[in-house]
Amino acid sequence: MVIRLDKYLCDMQAGTRSAVKDIIRKKRVTINGEVITRPEIKVDIDKDVVAVDNNVLGYSEYEYYMLNKPAGVVSAVSDKDFKTVVELITDNKRKDLFPVGRLDKDTEGFLLLTDDGETAHRLLAPGKHVEKKYYLHVVAKGSIDNKYIDEFKNGLVVDKDFTAMPAKLEILQYNNQDDTTFLNITIQEGKFHQIKRMFKAAGSEVLYLKRLSMGKLQLDETLEPGKFRPLTGSEIDLLKSWN
Ligand code: URA
């Protein structure tokens, strides 16, 4: 793809349109090592090497980040009361990142943020037949036994308007000191408060929730809560081939 040099620099947050024109006129910008002084010069984003003050800028059409969402932060672009997941991404070049789907304020774990609206829509839109599998770690109140496994597998009736698609429970450990069960769950849809509502309907309560994966993408366990990293090239390929 070929775009104007000033647009390229704006997209990469080198400055506002007028600021980047100024940078270009001051001979601070090179394309393939050659000083360029005209903002309208065309850049081939796949081939040309653009640098400002000798620092090479890599162009990417969109940005994709994986965040290990901490508890206490809301899955929104802006919020008047609470810190948002977008505010945690501090090295973004674009200003238009948004979270792909939501985790509750008290839920931790894998969250994808991007400015690629088309891919986000493809992944989330109902009826798009994108296989939506979410894998989460849960701490639930009480002893979660085989009865729950069967109920969740058979499609739990949550309320009169919602019967969940079959979900898979893996019981990890029952802790009799505080009467809690550690388990993992795989669900196939991402309805509002889905897991909390499912456990409540089944007679328990979710005490802790952490999403470990979304479709083919897994949380990088080296990311501490609140930390993020850009997706790798192969993770972006997985995202795009996820259908
Ligand atoms: N289910 C919930 O109840 N909450 C989440 O944040 C994610 C899934």
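In each ligand, atom 1 is the first atom listed, and ligand 1 is the first ligand listed.
Side-chain atoms of Thr180 and Asp178 include a donor-acceptor pair closer than 3.5 Å. With no hydrogens or angles considered, a side-chain donor-acceptor pair links Glu108 and Tyr208 at under 3.5 Å.
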Stepwise side chain to side chain contact (heavy atoms under 4.5 Å, CB included) check, Ile185 with Lys168: CA-CA 5 Å; Ile185 183 169; Lys168 189 171 157 219; over 6 Å; no
Verify side chain to side chain donor-acceptor pair (under 3.5 Å) between Asp220 and Thr222, making sure each step is shown before the conclusion. CA-CA 5 Å; Asp220 179 340; Thr222 66; 2.6 Å; yes
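Here Glu235 does not pair with Lys240 in a salt bridge; the nearest charged N to carboxylate O distance is not below 4.0 Å.
Close approach to Leu209 involves these atoms of ligand 1, each under 4.0 Å from a residue heavy atom: 1 (N), 2 (C), 3 (O), 4 (N), 5 (C). Residue Thr107 has at least one heavy-atom neighbour below 4.0 Å for each of these atoms of ligand 1: 4 (N), 5 (C), 6 (O).
When non-hydrogen atoms are compared, ligand 1 lies under 4.0 Å from the backbone of Asp104 as well as from its side chain. Proximity of Val206 to ligand 1, defined as any heavy-atom pair under 4.0 Å, is not found for any part of the residue.
Ligand 1 has no N or O atom lying under 3.5 Å from any N or O atom of Lys191, backbone or side chain. Among the atoms of Arg102, none of the N or O lies under 3.5 angstrom from an N or O of ligand 1.
Closest to atom 1 (N) of ligand 1 among all protein heavy atoms lies Ile195 N, 3.1 Å.
No chain of hydrophobic side-chain contacts below 4.5 Å, direct or via other Ile, Leu, Val, Met, Phe, Trp or Tyr residues, connects Leu123 to Leu212.
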